[in-house]
Each structure stands twice: as structure tokens, then as C-alpha cells.
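All remarks here apply to the structure that follows.
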Protein chains: 2
Amino acid sequence: MSTNARRSLRHRLADDLRALVLSGELAPGAQLPSEPELARRMRVSRSSLRSAIALLEEEGLLRPVHGSGTYVNDRPLLRDDLSRNLSGTEMIAATGRTPGARLTEARLEPAPPDVAAAFGLPDGTPLSALRRVRTADDQPVIDTTDWCRPEVLDPVAMADPVDGSVYRALAERGLAIHHGVATMRPAVADARIAERLEVPEGSLLLTLFQTDSTADGVVALVSLEIYRADAFLISVYRRGPGDDASA
Amino acid sequence: MSTNARRSLRHRLADDLRALVLSGELAPGAQLPSEPELARRMRVSRSSLRSAIALLEEEGLLRPVHGSGTYVNDRPLLRDDLSRNLSGTEMIAATGRTPGARLTEARLEPAPPDVAAAFGLPDGTPLSALRRVRTADDQPVIDTTDWCRPEVLDPVAMADPVDGSVYRALAERGLAIHHGVATMRPAVADARIAERLEVPEGSLLLTLFQTDSTADGVVALVSLEIYRADAFLISVYRRGPGDDASA
DNA sequence: GACGACAAGTTGTCTGACAACTCGGAACGG
DNA sequence: CCGTTCCGAGTTGTCAGACAACTTGTCGTC
């Protein structure tokens, strides 16, 4: 069992159980030991264990059946699940390729209308902007632009290669990202993007405009990611209607 | 409090709390009554209430703070959240427009390769197929095709307007959809789609290939949905990295 | 063989208690 | 008067044990 402190017990337990399932120790369809038994083994109370199981149930990984037992769902494990991974790096790494970046460029620039709107600022307010072409195995796959308030992260800090991830840099400044909302649009490559992503002009692309906020709703980061349509199969896990099949 | 039986108590409680928040009764940033107090008011035990709160925390709606209280996150309310709504009808209705369908056509046809693969069947296996153009305020917006095994739903039953939703028809036959996995791709309209969706040939589209499964992993429905890019802003709520900002 | 009652095992919920933590204000020292 | 420390009330997190509700296989009966 992991000894990672600072995180609620049920999340740590859930991590352990998830690892158990993903490692193949618990095959899909298999039945878990009973809750009292499992709680005893993991040295926690049954209630804490139940909280962890509830998390994994919500995640779609486990399925408790009243009176019978708790079973492992053979859920398709998504490689790049949009609703779970926030960072482009993770998405690339998840497909087994080595992530990289080129053409990194950071500067202060006036906010475009939609970016300004996401921040709730007037058009043209100067923002720190970080533009990168993300690569997978040295092949360009995503063109990303990140914006944030210059008081939080100036252009130099944004491009700082030390902490790599902008998310981590924000977290260190007390702005941990809690969630993001992404809207998707199809697009075709104009001359500029075509060159950056090394695709023919007119190629199909998927653009993703994302607003990342902290837990208390402060917009901390806005980004525009342009994906090569042929490089990614962007997937989403969608929960079913489940029960409310009324009327 | 809702009296909907047949559903675990914590889910019903979560529904009630969610309704409370969404109705504006509990404003974003507001603090909930303490757990013992709230449990007393809702006539349930504190443990059940806590389970419900945990659900809404995972959903991003509430934020319990150890030692302080539980607060309402001002989460952006998505109109059409991909990860939550499964049915096209719901998505249309969620934007405030009236959903409809035209050009409904159901028949038995051999499975295309990708559909067959999703079902784990050999290419060309005959499947029930239902093709529809979904409309919003009588304007065509989505071209959908649904496939399922003919033993489960024959073409006539699929097109049956009585129960309207294919999901409901499946649920009545013991195949309640538990989750789906959708992959997205940009596309351009060919002549056939252009005519069906009433857009110029070459217009940008978003295609969504989805595999819907029951809780025990049986693939019950496969569908291909072609969205007009200008009619929908498809959004996804993405959970943040939150805690594991290690190394 | 079919059917029903039963018992063992499991998850769902309840109750009460204590630990861990937050936060504001009182007490104190400068 | 200001800043600091300390404390206590209030809150969420975890624990323990009990019982209710449900599933499933067994066994006896017809």
C-alpha cells in the first residue's frame, strides 16, 4: 500500500486498488474479496475501503452488486481519455511515444477576443503567451498556445524548461488546476499551421479550446491546441444514463 | 427529497443536492450546512450523506475542506457535456431547441469493418441498422447511424417510434447501457452527407464513432454520429491533475 | 425433475465515537 | 496600540460494530 500522505485515504486506497486491477492481478470479471476481508488486509476500516470502492465504481472500474459481491468491470482502457488527462505531454506519452517540443516561443501579447472573454478581461489586455509545437517521436503532432495572466507567470517563467509543465508551474504559485472545459471544432490547415505541423495545406485538424480553472473557479490558464487529425484518436469515456429511465 | 426507489440512497441524495445547487438555491462559493446538520434535515445518516457528497466532489460540484466545511464550486455549467450525455436527443434538448428526426430508415445490413470489429464479429455479419437525421428546431444537425445485434433488436423494433430512444428499448431488453467510448474525427461533407444535413459539399463536420457497452462489458450498440460543425459546440469537462504532482 | 424454504455470504445503511484540521477571537507581551 | 500566541468551538476524516436488504447455492419436499 502506498504511503503517500497529504491525500485523502480513500484516494490512496483507490489508487492501490486501481493498480491491482490494471496490473492484471484482478482479471476483468473477477470478484473482489469481501469488504470486511479486504479492509482487514489493507489495514483500514471498512468505511474507508467502501469510499475507495465507490470512487472506482464511479470511474467505471468496479461494480458492486448488493448481496453478491464486487466485480471488476472489463472496461476498455482508453489510451488518451480526454476527460481524464489534461496535459498534451501526458496524452502523447500515453500512446507510448516520446513527447517533445520545438519552436518554443514565449512573449507578452494582447489577448485575442475569445481568450480575453475566457479570462473575463477586456480585449487586448496583455497576457503571457507560450507557443509550442509538441512532438511525438520527433514528429510534430500538436500546435499549442497557452495564455495566462502575466502577474502569475511572465513569459520567461512560462517557457522555463526547468519545471517543464505549465501546470506544475501554476501549482507552485498556488494556482492548482482543478478542472478544465474544452470545446472542440474541426478545422483545416492554413499555410501557417501547415508549415508548423508539417502537413499539406488543407489537411484536416481538430482544434481544442480549453479553459482551465482552480477549485474556486478562477480561470488560470487558457489554451488552444491544434491536433493533427491523423496523429490522434481523441477519445472520451461517456457515462451511461444508467438508471433514470423513467416514463 | 425524491422518493425514487430502486436506486442506491447515495445516488438519490446526490441528485437532490445537485438539484439544490443547480437551482441556484446554493450559490457558488456558498458553504453547505455541516454534515450532521444536513443529514438530520434530509432524514438520513451522516454516512449516507457523506457518500453523496463524495459523488458530487468527484463530479466537481462540491469541495469539502477538512476542518472547515463543504463549499459549492462554481463550476461552469456545460450545455452539452460529451462525457455526461449519451443521447443526441438530450444534447439537442440541452441547448434549448426541440429535437426531432427525419429520413428515418431501418434495415438489416452487413456490418462495415469498424462496426464489426467493435462488436467482435466477422466483417459483413448482418446487423440491424437505424439511420436518422436528427433535427433541432427542424433544422438538420446530426446524421446518425446506430447498429445492434438483430437478436436483440430487429430493424422494426429499432425504428419503433413508441419508445423513441434506442437506449430505452435496449434497457427494456435487459441491456442497460453503462458507458460508451467515443472517438472523434474531423471530416468534410461528401455529396451524400451534404444533402442530408443541408450543407454545402466540403463543409466541416465532426464525426463521433461510439461503442456503448453494458456494465459487464457486452457491446450493445455501436453508432456513428456526424455533427454539423456550426450547429454544436461540443464540450468536455476535464478533471485536473489535482494532487499527483509528484517529481 | 421442479419448486420452495432456508442459510450462508455479501453489500447497503445506521449509529456513535474519536482524530485531524480550520479559523476566529481571547489573552498576552511588546 | 499592534502583533503574536494560544485556545476552543466547529467542521470534515476515519474508525468500529451492528443490523437490514439482497443474492446465491443447498437441501428437502412434492
Side-chain angles (χ1 to χ4, degrees), chain A residues 1-17 26 29-73 174 176 178 215-216 242-243, chain B residues 1-17 26 29-73 174 176 178 215-216 242-243:
Chain A
M1 162 173 164
S2 63
T3 51
N4 202 350
R6 277 291 98 75
R7 229 151 94 70
S8 82
L9 178 54
R10 67 165 184 275
H11 283 104
R12 279 178 286 153
L13 289 176
D15 288 346
D16 293 344
L17 283 177
L26 264 50
Q31 177 175 2
L32 262 63
S34 76
E35 293 177 354
E37 163 71 12
L38 197 53
R40 201 179 52 72
R41 277 201 225 167
M42 301 182 100
R43 314 296 184 85
V44 294
S45 75
R46 192 185 153 210
S47 26
S48 298
L49 174 65
R50 275 182 62 76
S51 301
I53 291 179
L55 283 181
L56 296 178
E57 176 190 8
E58 210 55 20
E59 216 169 276
L61 202 65
L62 295 182
R63 177 168 40 102
V65 180
H66 189 180
S68 169
T70 301
Y71 304 86
V72 178
N73 274 331
H178 175 258
D216 33 293
D243 354 58
Chain B
M1 161 173 160
S2 65
T3 52
N4 201 351
R6 276 293 96 77
R7 224 150 100 67
S8 80
L9 178 54
R10 67 165 182 273
H11 284 104
R12 279 178 286 154
L13 288 176
D15 287 346
D16 293 344
L17 283 177
L26 264 49
Q31 177 175 5
L32 262 63
S34 75
E35 293 176 353
E37 164 69 12
L38 196 53
R40 202 180 50 73
R41 276 201 226 167
M42 301 183 100
R43 313 297 184 85
V44 293
S45 73
R46 190 185 155 211
S47 33
S48 298
L49 173 65
R50 275 183 62 76
S51 302
I53 291 179
L55 283 181
L56 296 179
E57 177 190 7
E58 210 54 21
E59 219 169 272
L61 203 64
L62 294 184
R63 176 167 42 101
V65 179
H66 190 179
S68 169
T70 300
Y71 303 87
V72 178
N73 275 331
H178 175 259
D216 32 292
D243 358 59

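Here is how names work: the chains are called A, B, and so on, in the same order as the sequence lines, proteins then strands, and each is numbered from 1.
- With values rounded to the nearest 0.5 angstrom, A:Met42 atom CE is found 5.0 Å from A:Asp16 atom CG.
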B:Arg10 and A:Glu57: CA distance, side-chain angles, deciding distance, salt bridge (charged side-chain N to carboxylate O under 4.0 Å, His left out) verdict
CA-CA 13 Å; B:Arg10 67 165 182 273; A:Glu57 176 190 8; 2.5 Å; yes
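- For the atom pair CG of B:Leu17 and CG of B:Leu61, the computed distance is 9.0 Å after rounding to the nearest 0.5 Å.
- At least one donor-acceptor pair under 3.5 Å links the side chain of B:Gln31 to the backbone N or O of B:Ser68.
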In the 5'-to-3' direction, what one-character label does each nucleotide of nucleotides 11-19 of chain D receive under the scheme B = base within less than 4.0 Å of a protein heavy atom, S = sugar-phosphate only, - = no such atom?
BBBBBS-B-
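- Taking atom NE2 on B:His11 and atom C1' on C:dG12, their separation rounds to 12 Å, with Å as the unit.
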Can I get a per-line list of side-chain donor-acceptor pairs under 3.5 Å for residues 46-56 of chain B, giving both atom names and the distance, sequence neighbours left out?
residue	atom	partner	partner atom	Å
B:Arg46	NE	B:Glu35	OE1	2.9
B:Arg46	NH2	B:Glu35	OE1	2.9
B:Ser47	OG	B:Ser45	OG	3.1
B:Ser48	OG	B:Ser45	OG	3.3
B:Arg50	NH1	B:Glu35	OE1	3.2
B:Arg50	NH1	B:Glu35	OE2	3.1
B:Ser51	OG	B:Ser47	O	3.1

